[in-house]
Amino acid sequence: MAGFDIFDTVERLRKEGDAFCVATVLRTADATSAKAGAKAAVTRGGDILGHLGGACVQRAVRTASGEALAEGAPRMIRVKPSSKVVAMTDPDGVQTYKSGCPSGGTVDLLIEPYQHAPRLVIFGESPIAEALAAHAALTGLRVFVSGAFEGANTTRFDPEEIDSLGIEPRDFVVVASQGKGDGVALKAALDTPARRVSMVASRRKAEVLSAKLLDAGMDPACAARLKSPAGLDIRAIDPQEIALSILAEIVLWRNSDSERESSHDEKRA
């Protein structure tokens, strides 16, 4: 791999915007083709960019990288000959993978996931949508807005190309269209895999729009994700205050989801 630089590769992957892992060889024992300090980037699709060893190591790295990305947490793994594997976790707590490679060596690796900040996708050109986009950029969220608002760290998108954003369950979608294409915007929002979808509307209006979507064949579980009115009840009045209440709710959701995932990991351990 003449001319390959892992740090240039990592920077390129960061700019491309998708999640990936960095795998580092920490220690080797007996004969192995990879040496301590070797690094590689592992894409979400399982491509390994760099040299970590033979096919047995690569299979383990792909599997562990997928798990690390799903959990959003680093992990150590150990790849060693099948004859030496007594349990899938060694006494020191390191997850083990069986190797059938003839070299018979053992490799310890650190798998570190890299994910960009969650997305906040906002439908609408309303004053509340603009205020929310402006406030959200300060929290480190990647902000996408369908309206004409242009601000720092904010990207405009075409609602008809919502799939191109690659929305994930950890992302947030807010419908702030306020009377301009509400039904279309709400359907597009609920069709995404985002775990959290909220709408700037009265509870009654949201119920009516949701009922129409259900009558049109939407999965009830999908429609049930909608939270309306959007935001925490802080007696907000003007667009700036309403935007602040919505953002506060998103921060609460983000931190609560992280705590829940951490608690789940501890119970599994």
Side-chain angles (χ1 to χ4, degrees), residues 115-160 162 165 167-214 218 220-262:
Q115 291 180 311
H116 288 278
R119 299 172 184 84
L120 170 59
V121 179
I122 306 168
F123 285 88
E125 298 186 39
S126 65
I128 293 175
E130 293 187 6
L132 180 58
H135 289 321
L138 300 175
T139 68
L141 292 167
R142 290 181 290 157
V143 183
F144 297 80
V145 61
S146 68
F149 174 78
E150 294 184 3
N153 302 316
T154 301
T155 303
R156 293 177 60 183
F157 73 94
D158 185 337
E160 295 182 358
I162 185 69
L165 297 184
I167 295 175
E168 301 173 299
R170 67 194 190 103
D171 297 330
F172 307 94
V173 181
V174 176
V175 178
S177 45
Q178 294 191 276
K180 296 182 179 179
D182 291 337
V184 173
L186 181 58
K187 181 180 184 306
L190 290 172
D191 280 342
T192 72
R195 184 180 304 167
R196 306 286 192 173
V197 178
S198 56
M199 183 173 189
V200 181
S202 67
R203 185 172 288 103
R204 175 56 182 163
K205 180 177 180 178
E207 289 174 351
V208 170
L209 291 173
S210 295
K212 291 181 179 179
L213 294 176
L214 290 170
M218 178 172 282
C222 180
R225 289 180 298 146
L226 177 62
K227 194 273 183 180
S228 186
L232 300 178
D233 184 5
I234 61 171
R235 304 296 191 267
I237 298 175
D238 64 32
Q240 298 292 337
E241 292 179 347
I242 295 171
L244 183 61
S245 75
I246 296 171
L247 186 57
E249 184 172 60
I250 289 171
V251 171
L252 176 63
W253 283 338
R254 180 174 63 178
N255 293 340
S256 297
D257 288 345
S258 297
E259 291 175 359
R260 187 179 301 111
E261 290 170 0
S262 297

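Just so it is clear, the values below take in all heavy atoms, side chains as well, and ignore hydrogens, waters and symmetry mates.
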request  = Tell me, with the steps shown, if Val174 and Ile250 meet side chain to side chain contact (heavy atoms under 4.5 Å, CB included).
outcome  = CA-CA 10 Å; Val174 176; Ile250 289 171; 4.0 Å; yes
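Under the 4.5 Å side-chain criterion, counting only non-hydrogen atoms from C-beta, Leu132 is in contact with Leu120. Contact of the Val121 side chain with the Ile162 side chain is registered, since non-hydrogen atoms from C-beta on lie closer than 4.5 Å. Using a 4.5 Å cut-off on side-chain heavy atoms (C-beta onward), Arg142 and Thr155 make no contact. Contact check for Leu247 versus Leu141: side-chain heavy atoms found under the 4.5 Å cut-off. Between Pro229 and Arg203 there is a side-chain heavy-atom pair separated by less than 4.5 Å. Lys227 has its side chain out of reach of Arg196: every pair of non-hydrogen atoms, C-beta onward, lies at least 4.5 Å apart. Side-chain contact between Met218 and Asp191: present, with at least one pair of heavy atoms (C-beta onward) separated by less than 4.5 Å. Residues Asp171 and Thr192 are not in side-chain contact: their nearest non-hydrogen atoms beyond the backbone lie 4.5 Å or more apart.
The two residues Leu213 and Gly183 make their nearest non-hydrogen contact at CD2-O, 4.5 Å. Across all their heavy atoms, Arg119 and Glu168 have their closest contact at NH1-OE1, 3.6 Å. Heavy atoms only, all atoms of each residue included: Phe157 and Leu165 are closest at CG-CD1, 4.0 Å. When all heavy atoms of Ala201 and Ser228 are compared, the closest pair comes out as O-OG, 3.0 Å. For Ala248 against Leu232, the heavy-atom pair with the smallest separation is CB-CD1, 3.8 Å. Nearest approach of Thr154 to Ala137, heavy atoms of both residues: OG1-CB, 4.5 Å.
Ring geometry for Trp253 against Phe172 counts as parallel: the plane angle stays under 30°, on a 0 to 90° scale with 60° as the upper cut.
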Pairs under 3.5 angstrom only: tabulate donor-acceptor contacts from the side chains of residues 234-245 to other protein residues two or more places apart or in another chain.
unit_1: Arg235; atom_1: NH1; unit_2: Asp233; atom_2: OD1; d: 2.8
unit_1: Arg235; atom_1: NH1; unit_2: Asp233; atom_2: OD2; d: 2.6
unit_1: Asp238; atom_1: OD1; unit_2: Gln240; atom_2: N; d: 3.1
unit_1: Asp238; atom_1: OD1; unit_2: Glu241; atom_2: N; d: 2.8
unit_1: Gln240; atom_1: OE1; unit_2: His135; atom_2: NE2; d: 2.9
unit_1: Glu241; atom_1: OE1; unit_2: Ile237; atom_2: N; d: 2.9
unit_1: Ser245; atom_1: OG; unit_2: Ile242; atom_2: O; d: 2.7

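Distance check, rounded to the nearest 0.5 Å: CD1 of Ile122 to OG of Ser177 gives 12.0 Å.
Checking side-chain atoms of Arg254 against main-chain N and O of Pro118 turns up no donor-acceptor pair under 3.5 Å. Between the side chain of Ser146 and the main chain of Pro159, no donor-acceptor pair closer than 3.5 Å is present. Between the side chain of Ser210 and the main chain of Ala223, no donor-acceptor pair closer than 3.5 Å is present.
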